J.: 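The following block contains the structure, expressed as structure tokens.
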Amino acid sequence: MSFADLGLSPKLLEAIAAAGYETPTPIQKEAIPPALEGKDVLGIAQTGTGKTASFTLPMIERLSKGRAKARMPRSLVLAPTRELAAQVAENFEKYGVNHKLTMALLIGGVSFGDQDAKLTRGVDVLIATPGRLIDHFERGRLLLNGIEVMVVDEADRMLDMGFIPDIEKIFKLTPMTRQTLFFSATMPPEIQRITDQFLHQPVRIEVSKPATTADTITQNIVRVPSKDDKQKRAVLRELIGKEDVKNGIIFCNRKSTVDVVAKSLQKHGFNARPIHGDLAQSFRTETLDKFRNDDLQFLVASDVAARGLDIPAVSHVFNFDVPIHSDDYVHRIGRTGRAGRKGAALMLVTPADGKHLDSILKTIGAKEIEELDFSEFFEANPASERPDRKGGRDDKGGKSRSRRGERSSGDQPSRRKPKDAKEPANDQPAVEAQVEPEQDNDNQAEPKKQRDETRSSKRRRGGGDARSSRRREEAVVGLGDHVPAFLTRKVAR
DNA sequence: AAAAAAC
């Protein structure tokens, strides 16, 4: 079975071959033919299954005939995160090399004007995260009634993120005659309801999970006696030193922990950068690019990077924190051992993590994960009375130029009693955050703590609560004097 | 116990 058997055109087959693919994956085999016929597709599949190409290829085929009008895109792909949207765009570029398709990527955190200019010129493919798409729409810069194909990617994740009302709204703005390709890793009731409502006799395709746990990934844990993050960071360094790490992702549960761990690794001379949703988009993009190009060895990440991102050939995944939901564990370690390669997943487990570890073991269907013996390390470095490691840090920390001295006391574990180690990460970012190495974007320059507070209070006020989204639906914003009547009218379906 | 996403 080859791509040629799926009914794709020579132009497209050439691009696929040029990209180095020969055999379609199961979901591609099953989804592409009905999609080419114009049928709706409901794909139940995770990332790593070749899902993206299963919708980009038939879309390119379909869009190769016809031309886009200004502000009326012909197709729309919705993705939950900016990175994922950008990845879909790359996919279109890769497979669309022989087609003259125009494309716009509407995501937050980047300039509005460039996106708008593209919309004005007319695009065949619009790829977006829901927030920015609706923003454009409400400014009257975008019409969705020319949509021929609409794709919803990672729908269950959209549900987790509270995007479902937005998705429904967007569905209602597109013509009923559209073709819908809908993908979700799981089918919770809310998602089922959406597909019942908006898909027309879809071809349902379910592919099994990509080989995750047992097959290609070696999983281990390290028991850490203290839940002091400082000790965990020391263990992490020790662990990295013992492993033959080509490149690795280090997952933390909190954004603040991501910052601290990244800074700490940098100070110890590791090539590491943080990625999470509070960092400037330019920095996120740059970091991922570096990681993909092997210019970066360690990506310290929140769960923004746990799902969906296509980062090939990661040799190691480190779970600095035990994920709260066992699903997240599966997604995190799924970043390694991809495409049949070998991978290692290592996790730091403190006594407080027992419950979550149990649920992870249950989920992956294992009685236990083999434990690495770190007793010698802990004997040499007991958490409570370990001498301040600052000295050890300083001799490697030539990069961290400023103000280290004035806050030395803040970083001493002895200052804190185990009881109030409740928010271990909380006071430490303030300590380390300003030593930001080679970053020059303005977000980074602000004192971090304040930045976080501003953002979270903004979110609380503005965030997607029902009232504000209703307001959003009713108000027509930014259209000036010329508001076409059909735009102020609700679209009946 | 979190994270993600719009100015």
Side-chain angles (χ1 to χ4, degrees), chain A residues 78-86 105-116 127-142 152-167 169-170 227 229 232 249 251-261 274-281 284 300-309 319-329 331-332 349-357 359-360 421-426 443 452 454-456 458-465 468-469 471-473 475 477-478:
Chain A
L78 289 170
T81 66
R82 300 170 185 174
E83 275 77 11
L84 208 51
L105 179 62
L106 305 190
I107 58 174
V110 294
S111 147
F112 201 92
D114 298 352
Q115 298 175 354
D116 188 56
I127 302 154
T129 45
R132 185 56 77 94
L133 180 91
I134 287 174
D135 200 353
H136 277 277
F137 183 82
E138 290 186 343
R139 294 177 191 219
R141 314 302 295 174
L142 169 66
V152 179
D153 198 8
E154 307 249 335
D156 51 349
R157 196 161 176 217
M158 301 239 197
L159 174 69
D160 290 345
M161 292 167 66
F163 281 155
I164 292 302
D166 286 344
I167 299 301
K169 181 178 171 181
I170 295 165
K227 65 173 189 174
D229 272 9
K232 286 172 76 177
I249 308 181
F251 283 106
C252 310
N253 286 358
R254 294 178 190 77
K255 290 180 276 198
S256 54
T257 315
V258 168
D259 285 329
V260 178
V261 171
I275 188 164
H276 61 67
D278 278 358
L279 294 168
Q281 186 56 42
R284 285 162 64 171
V300 188
S302 69
D303 281 314
V304 68
R307 306 189 195 198
L309 287 191
N319 279 299
F320 185 82
D321 294 312
V322 176
I324 295 162
H325 297 298
S326 56
D327 285 0
D328 287 330
Y329 178 80
H331 285 292
R332 287 179 181 187
V349 180
T350 70
D353 295 324
K355 226 172 50 188
H356 294 130
L357 180 63
S359 84
I360 287 168
K422 234 166 62 190
E423 2 82 298
N426 225 2
N443 263 354
D452 278 352
T454 319
R455 289 195 180 224
S456 57
K458 214 188 264 172
R459 206 175 298 146
R460 267 196 299 279
R461 279 199 310 274
D465 63 280
S468 81
S469 66
R471 217 184 307 126
R472 198 165 62 193
E473 238 169 296
V477 183

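None of these values were measured; they are calculated from a predicted model.
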J.: Are any of the side-chain heavy atoms of Ile134(A) and Ile170(A) separated by less than 4.5 Å?
T.: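 In short, these two side chains touch, coming nearer than 4.5 Å.
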
J.: Can you sort out the partners of His356(A) under ring-ring contact (aromatic ring centres under 6.0 Å, His included), two or more places apart, ordered by chain and number?
T.: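 Counting only residues at least two positions away or on another chain, His356(A) forms no ring-ring contact (aromatic ring centres under 6.0 Å, His included).
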
J.: When you check the phosphate oxygens OP1 and OP2 of dA4(B), does a side-chain N or O of Ser302(A) lie under 4.0 Å from one of them?
T.: yes

J.: Using whole Å, what does the distance between atom C1' of nucleotide dA1(B) and atom CG of Leu357(A) come to?
T.: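 After rounding, the gap between these two atoms is 16 Å.
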
J.: Whole angstroms only, please: what is the OH-P distance between Tyr329(A) and dA2(B)?
T.: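 Taking atom P of dA2(B) as the reference, OH of Tyr329(A) is at 22 Å.
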
J.: For Ser359(A), give me all partners under side-chain contact (heavy atoms from CB on, under 4.5 Å), at least two apart in sequence or on another chain.
T.: Ser326(A)

J.: Would you mind reading off the distance between Asp303(A) atom CG and dA2(B) atom P, rounded to a whole angstrom?
T.: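 Nearest whole value for this atom pair: 12 Å.
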
J.: Rounded to whole Å, how long is the line connecting atom CG of Asp278(A) with atom P of dA4(B)?
T.: 6 Å

J.: Could you check which of dA2(B), dA3(B), dA6(B) has an atom nearest any side-chain atom of Thr129(A)?
T.: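 Of all the options, the side chain of Thr129(A) is nearest to dA6(B).
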
J.: Is Asp321(A) salt-bridged to Lys232(A), going by a charged N under 4.0 Å from an acidic O?
T.: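 Salt bridge flag = yes for Lys232(A) with Asp321(A).
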
J.: Output the rounded distance in Å from CG (Asp156(A)) to P (dA4(B)).
T.: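 Taking atom P of dA4(B) as the reference, CG of Asp156(A) is at 17 Å.
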
J.: Starting from P on dA5(B), measure out to NE2 on His276(A) and report it in whole angstrom.
T.: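 Going from NE2 in His276(A) over to P in dA5(B) covers 11 Å.
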
J.: Could you check whether the side chain of His356(A) and the base of dA1(B) have a donor-acceptor pair of N or O atoms closer than 3.5 Å, going by distance alone?
T.: yes

J.: What nucleotide among dA6(B), dA5(B), dA3(B) has an atom nearest to a side-chain atom of Arg284(A)?
T.: dA5(B)

J.: From C-beta outward on Asp135(A), which listed nucleotide comes closest to its side chain: dA2(B), dA5(B), dA6(B)?
T.: dA6(B)

J.: Just by distance, no angles: are the side chains of Asp259(A) and His276(A) close enough, under 3.5 Å, to form a donor-acceptor pair?
T.: yes

J.: Could you give the CE-to-C1' distance, from Met161(A) to dA6(B), as a whole number of Å?
T.: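 Atom CE in Met161(A) sits about 12 Å away from atom C1' in dA6(B).
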
J.: Without decimals, in angstroms, what is the distance between Lys255(A) NZ and dA4(B) P?
T.: 5 Å

J.: Looking for any heavy atom pair under 4.0 Å, which part of the strands does Phe163(A) touch: base, sugar-phosphate only, or nothing?
T.: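 Base, at least one base atom sits under 4.0 Å.
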
J.: Quick check for you: among dA3(B), dA2(B), dA6(B), whose closest atom lies nearest to any side-chain atom of Arg82(A)?
T.: dA6(B)

